[in-house]
Every structure is written in C-alpha cells, then in structure tokens.
Amino acid sequence: MNLMAALCESVLVVNMLLSVFFLPGALADCTDPVLFADTPGQIEALSGSCLLLPCRFNSTDSTYDKTRSIYGIWLRGTEDFKAYPSAVIFNSSGSVNIYSLKMIGNLTEENCTTLFPDLNTSHADRYFLRIQNWPFRATAVCEPVQIKVRDSPWSPSINIPADLKEHQSVTISCSALTPCPHSPPELTWNLQQDSHRQTEKNTEGTFTTKIQETITLSDTHDGYNISCSATYPVNGGNKTAETEVTLSVSYAPKDTSASISPSGLVSAGSWVELSCSSRAKPPASFTWFRNSKHGTIKVSVGQVYSFYATEGGEYYCVATNDLGDDASSTVCISIKDSPWSPSINIPDDLKEHQSVTISCSALTPCPHSPPELTWNLQQDSHRQTEKNTEGTFTTKIQETITLSDTHDGYNIRCSAIYPVNGGSKTAETEVTLSVSYAPRDTSASISPSGLVSAGSWVELSCSSRAKPPASFTWFRNSKHGTIKVSVGQVYSFYATEGGEYYSGSDAPTNHKR
C-alpha cells in the first residue's frame with residue numbers, strides 16, 4: 001500500500017509539472033526577468049473600434065543597447081516564442097503583421113505604444129511584448145497585457161462635487177473611456193449643448209474624453225436630472241450608452257407662508273390654529289411671532305401654533321435651516337362676530353357741475369384677506385388696501401363724478417364682504433346725496449285763463465324746481481320795456497287791461513281782455 005501510494009504521488013507531481021511547463025499561456029518563472037513592460041496590464045476595447053495600447057519597456061541586461069536597432073514583437077496567448085512561433089502576430093521589422101497593427105511608439109525611446117485598428121471579440125486574449133536588440137532578445141514574460149473586447153459601450157461617468165449648496169459655482173463634467181483616441185466618442189447632455197469636447201491623456205497612458213460646464217446652483221437645480229450620452233463610432237455605425245444622475249442641492253427656506261384656521265372674523269375665545277409651510281433643504285424649523293404695539297414678540301416654536309384667541313392680532317412665522325431663514329407674510333386674527341359697516345365719504349356742500357370724489361372704505365384687520373367692496377356706482381372701481389399712519393389697514397374704492405340736479409336724493413349703497421372660514425360676512429352702508437342746484441323747469445300759470453272781463457280778479461302763479469327753494473319776481477312787458485310788478489310766488493290783481501307777464505326766467509305769459 002505504501003509503495004503504490006508513493007508511485008501515485010510521483011505520477012501526480014509529474015503531471016502537475018507538465019501542466020506548468022508545457023501548456024500554452026502558462027507564465028514562466030518571474031524571479032529573474034530581463035525585460036520589463038509597462039502596460040495597463042488589463043485593457044478593454046469596443047468591438048468595431050480601434051484600441052491604442054500604451055506601452056513602455058526597459059531592461060537592465062548588459063547586452064541591451066538602445067543605440068542599436070530595436071524591433072518590437074507582439075505574441076498572442078503565450079510568452080514561449082520558440083515553442084510557438086505562430087503566436088507572433090506582429091513584428092515591427094515588417095515581417096509579420098496579422099492584425100494590421102501599428103507600433104506608433106518610438107522604440108529607440110523605449111516606447112512600444114501600439115494601435116490595434118479594428119478589434120472584435122475574437123481578439124480578446126493575453127499579449128506579450130518581445131524585444132529584439134541583437135544579441136539581446138527577451139520577452140516580458142511577467143507582464144502580459146490582457147485585452148478584453150466588449151460589444152456594448154461603456155456608460156459615461158458624470159462627476160459632480162459633493163455637498164451642493166445654492167449660490168455655489170460648481171463644475172460638472174461628463175467623461176467616457178476612450179480606448180481609441182483617434183476616434184473618440186461624441187458626448188451630449190442636457191446641460192449647455194455647446195460644451196467643448198476634449199480628449200485627455202491619463203497618467204497610465206490611456207485616454208478619457210470629457211465635456212464640462214460650470215453652473216451657479218439655485219434651489220431649482222435640486223432634483224434636476226442630468227443625462228449624458230456617449231456615442232462611439234464603430235465599423236458600420238455607432239454605439240451609444242447613457243448615464244443619468246440627479247442633483248441634490250441644499251437651499252435656504254423659500255416660499256414661506258402662514259395660514260390660519262378659521263380665517264377672517266372669529267368669536268372671542270375661539271380655538272385658532274396657525275400653520276406654517278416652507279420649501280427648504282434640509283427641512284426648516286419654525287418660529288412664530290406676534291406684532292404688538294410694543295414690537296415683535298416670539299410666541300411659539302413649531303410648525304403649528306394653536307391657542308384660544310382672546311384678542312385680535314397679526315402673526316407671522318420664520319422658517320430656518322443652516323443656510324438661512326425666510327419670513328412669511330402676516331396672518332390676522334379679528335375678534336368680532338359681525339363685520340364692520342363700511343364708511344362712505346362724501347364732500348360737504350355739494351353743488352351741481354361740481355366734480356367730486358366719493359369713496360367707500362372698510363376697516364381691514366387682515367390686509368392679506370381684505371374685504372370685497374361693491375356699490376351702485378361704477379362697478380369697475382379699483383380696490384386698494386392702504387396702510388394707515390398707526391399701522392392698521394383700510395380697504396377702499398372710489399369714483400369721481402360730475403354732479404347734476406339728478407344726483408340730489410340719490411342713494412349710494414356700499415357693501416363690505418369679509419371672507420371668513422367657510423364663507424363670508426357682509427355689512428352695508430347707505431347714504432343719500434344732497435346736491436344744490438339752480439332753479440329749473442320754471443313755469444307761470446294764470447287763473448282764470450283765456451279772455452277775462454275788464455276789472456276781473458286775476459291770479460298769476462309761478463313754480464320752479466330748485467335747491468335751496470327759489471324766490472320769485474313778476475315782470476310785465478310794456479311798450480316802454482320790462483316793468484317789475486310784484487315779488488312772490490303768486491301775483492293777484494284786478495285786470496283793467498291786457499298784457500304779457502312772466503316770473504324769473506320763464507317765457508312771457510299772455511293776458512288779454
């Protein structure tokens with residue numbers, strides 16, 4: 001049993017050694033190499049495109065002399081040049097070039113950079129560099145380069161600085177691997193389209209193509225999706241890959257607003273809830289303040305402030321985070337069950353032909369929810385809310401009219417409609433215009449009318465519409481001119497002869513006998 005075990009173990013060792021020394025592609029002993037190749041070690045290419053393989057070499061062997069002719073050779077799949085001469089796919093001497101390679105590096109400067117013009121997935125393998133500098137001949141057995149060929153392109157990389165904040169100026173770039181710098185990918189994105197494309201050489205000799213844009217951040221950039229596409233030209237067309245990232249931008253509170261429930265007029269002792277909202281990143285904290293005659297008073301901390309209202313007042317909230325703060329407009333609490341009646345303002349001593357401005361105004365304890373004013377004058381009167389000297393507010397509408405006698409006794413009605421929780425409350429005021437005007441529609445009458453007998457009793461009467469009431473004077477037309485005959489609304493006398501009479505500006509009245 002022991003002998004058989006020893007024999008089996010010996011056979012196993014021999015088989016293992018054969019596998020190491022005779023299988024193609026197995027690496028030789030790297031304890032004392034004489035040629036060193038500096039390559040990426042592993043590099044990827046895109047099927048249908050070229051590959052620029054960065055490569056440099058050096059040797060410490062005494063027989064190596066770069067002043068002599070140097071030839072570069074590429075072996076595929078194995079480093080064993082003698083055992084597998086068919087592994088040679090390229091020789092810079094021109095004797096072999098299976099894949100139409102081009103060694104663009106200057107070998108006298110120990111640069112073995114090589115261009116693979118058109119790769120496909122069948123070219124994926126390990127490749128070994130061999131240098132012939134007679135009598136020096138060596139293969140970089142310890143430093144093969146693994147070429148991988150893929151059918152789909154690489155997704156571009158979008159580079160965004162960390163910890164983005166509003167008002168910050170940042171440079172955002174989109175970059176793509178460029179194994180073939182002679183035919184770089186086209187980069188497009190949804191930022192500025194005229195971004196300049198540039199292809200840059202990396203420290204290890206590979207290349208990257210990129211575009212970049214510098215933008216000043218605002219809150220509107222938060223959540224914005226940046227998409228970038230890399231389109232690689234390949235044999236017979238192109239291949240495209242896309243990447244998308246979402247910006248996360250911190251910003252100070254904005255659009256801060258306060259609301260009240262119930263709104264408008266509330267009864268004393270009613271439960272009132274104030275709520276604050278704001279758009280901010282990171283989320284804001286909230287503080288409530290009340291305006292008083294002694295100044296601003298801090299009344300609560302938190303998004304919601306609830307209390308029993310015993311008096312009216314103006315409240316506002318301030319939203320705060322690490323980047324700043326923002327105050328809301330004020331909201332008003334008005335303690336009253338019924339609304340205030342509006343006030344109609346009319347100048348004194350109104351007279352016809354006078355141009356006057358009439359206004360209707362209403363107390364406005366909550367200027368952010370002012371009353372709606374309507375009246376029976378021109379309906380398109382512009383509403384405006386004004387701040388009074390003591391800090392309160394009044395809402396009013398006004399209209400300028402030219403007075404006539406028809407305005408006397410005209411009733412002006414104005415309604416103030418206050419919005420309240422669940423509806424509205426209305427109060428109305430009415431005033432009557434008193435307009436002075438000159439006498440008009442003056443007329444004279446005679447009794448009896450027509451022909452009268454000589455010596456008959458005749459009564460002349462005058463009427464007129466005027467404010468204040470008119471006084472009357474009677475006149476008689478004679479061949480010597482106009483004669484004033486009486487003062488008063490009625491003129492009575494015994495008629496002894498005919499004649500024409502009139503009162504004031506009225507046309508003459510005929511009297512015949």
Side-chain angles (χ1 to χ4, degrees), residues 19-30 32-59 61 64 70-133 136-151 154 177-183 201-207 232 234-235:
S19 297
V20 170
F21 288 106
F22 298 107
L23 282 178
L27 292 180
D29 185 9
C30 290
D32 191 23
V34 295
L35 179 65
F36 304 94
D38 182 13
T39 68
Q42 181 173 296
I43 193 168
E44 278 192 320
L46 182 63
S47 177
S49 181
C50 74
L51 170 67
L52 185 68
L53 175 62
C55 175
R56 297 194 69 85
F57 68 92
N58 65 78
S59 177
D61 190 88
Y64 171 69
I70 302 174
Y71 297 101
I73 297 170
W74 283 106
L75 306 173
R76 176 177 176 175
T78 179
E79 79 286 355
D80 195 340
F81 176 73
K82 293 182 179 178
Y84 300 97
S86 62
V88 176
I89 61 165
F90 173 79
N91 190 324
S92 65
S93 67
S95 58
V96 180
N97 193 355
I98 295 176
Y99 299 152
S100 301
L101 306 188
K102 185 177 182 181
M103 190 167 281
I104 62 175
N106 189 339
L107 292 172
T108 61
E109 296 176 358
E110 299 179 335
N111 187 334
C112 47
T113 299
T114 303
L115 180 67
F116 290 69
D118 185 12
L119 291 170
N120 56 55
T121 53
S122 67
H123 293 117
D125 210 334
R126 286 187 304 169
Y127 293 82
F128 293 83
L129 175 70
R130 181 174 176 80
I131 295 297
Q132 292 192 155
N133 174 236
F136 176 81
R137 290 160 298 167
T139 301
V141 295
C142 301
E143 295 154 326
V145 57
Q146 178 75 48
I147 296 179
K148 295 183 177 182
V149 183
R150 55 189 291 165
D151 281 326
W154 304 267
L177 293 174
T178 307
C180 181
H182 305 289
S183 186
K201 189 174 185 179
N202 306 317
T203 53
E204 70 275 17
T206 58
F207 288 82
Y232 289 83
V234 296
N235 189 23

Please name the pair of heavy atoms, one in [X] and one in [Y], separated by the smallest distance, quoted to 0.1 Å.
| X | Y | result |
| --- | --- | --- |
| Leu101 | Pro117 | CD2-CD, 4.0 Å |
| Gln132 | Arg137 | CG-CG, 4.0 Å |
| Phe116 | Ile147 | CZ-CD1, 3.8 Å |
| Leu35 | Ala138 | CD2-O, 3.3 Å |
| Gly72 | Ile131 | CA-CD1, 4.0 Å |
| Phe57 | Leu107 | CZ-O, 3.5 Å |

Let me confirm one number: the [atom1]-[atom2] distance from [X] to [Y], rounded to the nearest 0.5 Å.
| X | Y | atom1 | atom2 | result |
| --- | --- | --- | --- | --- |
| Asn91 | Ile73 | CG | CD1 | 4.0 Å |
| Phe207 | His182 | CZ | NE2 | 7.5 Å |
| Asp32 | Asp61 | CG | CG | 9.5 Å |
| Ile89 | Ser100 | CD1 | OG | 10.5 Å |
| Thr139 | Leu75 | OG1 | CG | 5.5 Å |
| Ile70 | Ser93 | CD1 | OG | 13.5 Å |

[X] (side chain) donor-acceptor with [Y] (main chain) under 3.5 angstrom:
| X | Y | answer |
| --- | --- | --- |
| Thr114 | Leu53 | no |
| Arg130 | Val141 | no |
| Ser47 | Arg150 | no |
| Glu143 | Ala37 | yes |
| Asn202 | Gly205 | no |

Before giving the answer on side-chain contact (heavy atoms from CB on, under 4.5 Å), spell out for Cys55 and Trp74 the whole-Å C-alpha distance, their side-chain angles and the decisive distance to 0.1 Å.
CA-CA 11 Å; Cys55 175; Trp74 283 106; 4.1 Å; yes
Got Trp154 and Leu46 here, is their nearest side-chain heavy-atom distance under 4.5 Å?
yes
Just wondering, do Tyr232 and Cys180 contact through their side chains at under 4.5 Å, heavy atoms?
no
The side-chain contact (heavy atoms from CB on, under 4.5 Å) partner of Pro54 among Thr206, Asp38, Asn111, Thr39 is Thr206
Check step by step if side-chain contact (heavy atoms from CB on, under 4.5 Å) holds for Asn235 and Asn120.
CA-CA 10 Å; Asn235 189 23; Asn120 56 55; over 6 Å; no
Counting only heavy atoms not in Tyr99, do more than 12 fall under 6.0 Å of its OH?
yes
Side chains of Thr78 and Asp80: donor-acceptor distance under 3.5 Å anywhere?
no
